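Data first, discussion second: the structure below is written as C-alpha cells.
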Amino acid sequence: MQNLASRLFGRARDLRDPKVFHQMSLVAFLAWVGLGADGLSSSSYGPEEAFKALGHFEPDGCYGAAAGAPCQFVPDFGYLAVFLAVAIAATVFIISWGYRRIIEEFPHGGGGYIVASKHLGPYVGAVSGSALLVDYVLTIAISLAAGGDAVFSFLPESWLPGKHATVLAVLVILTLMNLRGVKESVKILTPIFLIFLLTHAFLIFGAVGSHLGRAREVAAMISTEGSRHISAGGAIGVLLIFLRAFSLGGGTFTGIEAVSNGMAIMREPRIRTAKRTMLLMATSLAITASGILLAYLLLHVLPRNGKTMNAVLAENFVGDGALASAFIAITLVSEGALLFVAAQAGFVDGPRVMANMALDQWMPHRMAALSEQLTMKNGVYLMAGAAAVLLLYTHGSVDALVVMYSINVFITFTLSNVAMIHHAFHVKQPGWRRAALIHGLAASVCGMILIVTVIEKFTEGGWVTTVITAALVTVCFLIRTHYRAVGAKVAQLSSDLAIESAPPVGPPPPDELDPDRPTAVVLAGGYGGLGLHTLLQIPRVFPGQFHQVVFIAAGVIDAGAFKGKDEIDRMHANIERDLARYVEFARDHLGWSAESDSAIGTEAVTELDRLCREVALRFPRSVFFAGKLIFQRDSWYQRLLHNATAAAVERRLQFAGLPMIVMPVRMFH
C-alpha cells in the first residue's frame, strides 16, 4: 500500500533540505500557467454570456432546446460589443493594477482574505475568505463543465451521454495531480496552455486583423444603431443594457486575484516574480476576452444549439476543408483542456485560503496540515468533494453554474480595495493619494459589477451561492467562538497549575536517567496547561511508581510554517525551549530525573510514534502518557475541530505492545 501511495502521490519530501522550497516554487511563466489559466479559460464562456445579453432569441427561450430546434439569435445591441471589449480590457488592468499594490503590501500572500483581515478586521476578513472559497469551488466546477462542453462539441452526438462521467474522471485526475504537488501538476499542463495561446492568438488576430478595413463601416453602424436606440429607449435604457451585458460577463475577471493569493509558490525574488505573473495574466486576459468579443461582431458569430460561440467563431473564420477541420479540432480541444487547467486555480488557491483561515481559527486546524509531499491534502480533498457535489447537483450544466458564478469574487475584489483605501488613509506614506485613487477606482468598478450581478442573477439561481456563502460564514464564526472559548479554559488551567498545584522543591535528582528503572514518557506540546496537567497526574495516579521522565514533542510543519528552512529551524528552537521548561519543572517540582527528545514533520502522529518506539528501546520499562481534552458533552464537531493525536498514537503503540495511558483533561464547554 505504501508503494502504491508513493506512486500516486509522489515521494515524501525532506523538510530540512534547503532546496525543497526552491523546488516547490514557480517562476513567473509557470505561475502564469498554473494561476493564469483561470482567467484565460473564462474566454470560453465570459464573452459569450456578455454577447448574448446584447440580443434576444426567437422564439423566446428557444436557446438550449434540443439540437435541431428552430432558434434564431437577434443581436439587437450587438454594436455595443465594441464598448464591451474596451470596458473589459480596461477593467482587467484596473483590477490587476490594484492587486499589484496588494502584492507589494503582502509579499507572503493571502490575497483578499489577508488584506481584509488586516485592514478591515478579522470578521470582515472571514466574510472575504468564505466568499473566495465558494468562488474557488465554483471555479473548479464551471471550468470542468465548460471544458466538457468544448471537447464534446465536435465529437459525435452519440458520445454525449459520457460527458458527465468524463468530467468527473478529470476531477479525480486533477485531485491526484494536486496531491503530488503544485509544480508537478503545472509542468504537465504547460503544453496545453501553449497550444491554447497559439491557436487563439491566430484566431483572434486573424479575425480582427482581416477586418481592419471595415473600421469606418463599424463606426457608422455604431453611430446609426446607437442613435436609433437612444431615440427609442433613451440613453439610460442603452446604458442599462450595456451594464447588464458587462456584469453577465463578470466571470472573465475571476482569475485576477489568484496571483496575490498564491504568493507562497512564487520563486524568489517573490514580489518581482508575482508582478511579472500579474502582468502576463492581465495582458493575455485583456487581449483574449476583448478580442473574442470583437471577433463575434466582425464575423457575425451567433449562438447555435449544441455549439459554443467560440466553436462557431472558429468555423466562420477558417471555413471548410481538411486543414480547417483540423484547426477547429485542435482549437476546441486546447480550449477544453485549458478549462480543465483552469480548475488548478481552485486547487492551488482554495486550500491556501482555507489554510490561512485555519491558522486564524476560522476553519478546523487540520485544514492547515501538509502531507509528506508538502501539499495541503485536506484542502484539496474538500475542494474536490465540494466541486463534485456541485457538478452532480447541476448535472454539469454550464448555464446553471454561470448563474451561480462570479458573484463572490467581486465581494472579495471590493473588500480588498476598500481595505487598501483604508490603509492608504491610515498610514499616509509617500504617494498615498495616488494609491487611494487607484484602489478607489478599482473598488467602484468592482462594487458596481457586484451590485448589478447580484440583481441580475439572484432570482435566476444566484441565491444558491448567497445562501451557501452565508452558511459558510456562520460556520466560520461558530468555529472561532469554540476555539477561543477552549483556548481561554486551557490558558486558565495552565495558570492555575503553575501557581497552585506545583509541589515544593525537593533535593536535586540525578542528571542521568537509569535505563532499568520505570520511566514515564510524556507526550508534550507547547509548554502549558495540558502538558503540565498530564505530568502532575502521574504521581497522583501512580504514587511512588516513577522517578524519571522523558518528554517528547513533534513539531508540525503546516501551511503557516512552510516558508523556508529558517522557519523550520525557528520552530525547532521553540520546541527545544518548551521541552527544556518541562525538564526544569519535573526536576524542580517533582524531584525526577528528566530529559527530552523532539522531531519535526508534517504529521504529528507519525513523528510521535517513531519517537516513542526509539525511547522504548532505550528505556524498556517505559509507560507512555498523553493528555486529551474531554468535553462535558461529546459531539461530532468537537471531534472534527480537535485532533485525535493522543488516541491515534495510543492505538499504534498498543498494537506494538507498548503501554500508553491517556489522561483526561475535563472541559466544561
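Positions are given from 1 along the sequence. Computed from a predicted model, the values in this text were never measured in an experiment.
In this structure the side chain of Leu297 reaches within 4.5 angstrom of the side chain of Met221, judged on heavy atoms. You'll find the side chain of Ser96 stays beyond 4.5 Å of the side chain of Met281, heavy atoms only. At a threshold of 4.5 Å between non-hydrogen side-chain atoms, the residues Leu392 and His164 count as touching. Residues Arg433 and Leu437 form no side-chain contact, since every pair of their non-hydrogen atoms from C-beta on lies 4.5 Å or further apart. Side-chain atoms of Val82 and Ile222, non-hydrogen and from C-beta on, do get closer than 4.5 Å to each other. Side-chain contact between Met448 and Leu243 is present, with heavy atoms from C-beta onward closer than 4.5 Å.
Below 30°, between 30° and 60°, or above 60°: for His422 and His119 the angle between ring planes is between 30° and 60°, a tilted geometry. Relative orientation of the Tyr79 and His229 rings is parallel, given thresholds of 30° and 60° on the angle between their planes.
Scanning for ring-ring contact (aromatic ring centres under 6.0 Å, His included) contacts around Tyr296 gives Phe51, with sequence neighbours left out.
Environment of CG in Leu212: crowded, with over 12 heavy atoms of neighbouring residues, nucleotides or ligands closer than 6.0 Å.
Judged purely by atom type and a 3.5 angstrom limit, Ser334 uses its side chain to pair as donor or acceptor with the backbone of Thr331. For Ser143 (side chain) and Ile140 (main-chain N/O), no donor-acceptor pair under 3.5 Å exists by modelled atom type. Remark: the backbone N or O of Ala219 is not paired with any side-chain donor or acceptor of Ser223 at under 3.5 angstrom. Side chain of His423 to main chain of Ala419: no donor-acceptor pair is present (N/O by atom type, distance under 3.5 Å, no hydrogens or angles).
Aromatic ring centroids of Phe202 and Phe327 lie under 6.0 Å apart. Taking the ring centroids of Phe410 and Phe413, they lie under the 6.0 Å cut-off.
Closest non-hydrogen pair, Phe242 versus Ala87, comes out as CZ-CB, 3.8 Å. Leu84 and Ala245 make their closest contact through CD1-CB, 3.8 Å (heavy atoms, listed as atom of the first residue, atom of the second, distance). Here the shortest heavy-atom pairing between Pro303 and Lys52 reads CG-CG, 3.8 Å.
No side-chain donor-acceptor contact under 3.5 Å links Asn310 and Glu48.
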Side chain to side chain contact (heavy atoms under 4.5 Å, CB included) evaluation trace for Tyr99 with Ser416 | CA-CA 9 Å; Tyr99 270 99; Ser416 297; 3.5 Å; yes
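Shown are Thr469, Thr466, Thr139, Asp135; of these, the side-chain hydrogen bond (donor to acceptor under 3.5 Å, both in side chains) with Asn408 is made only by Thr469.
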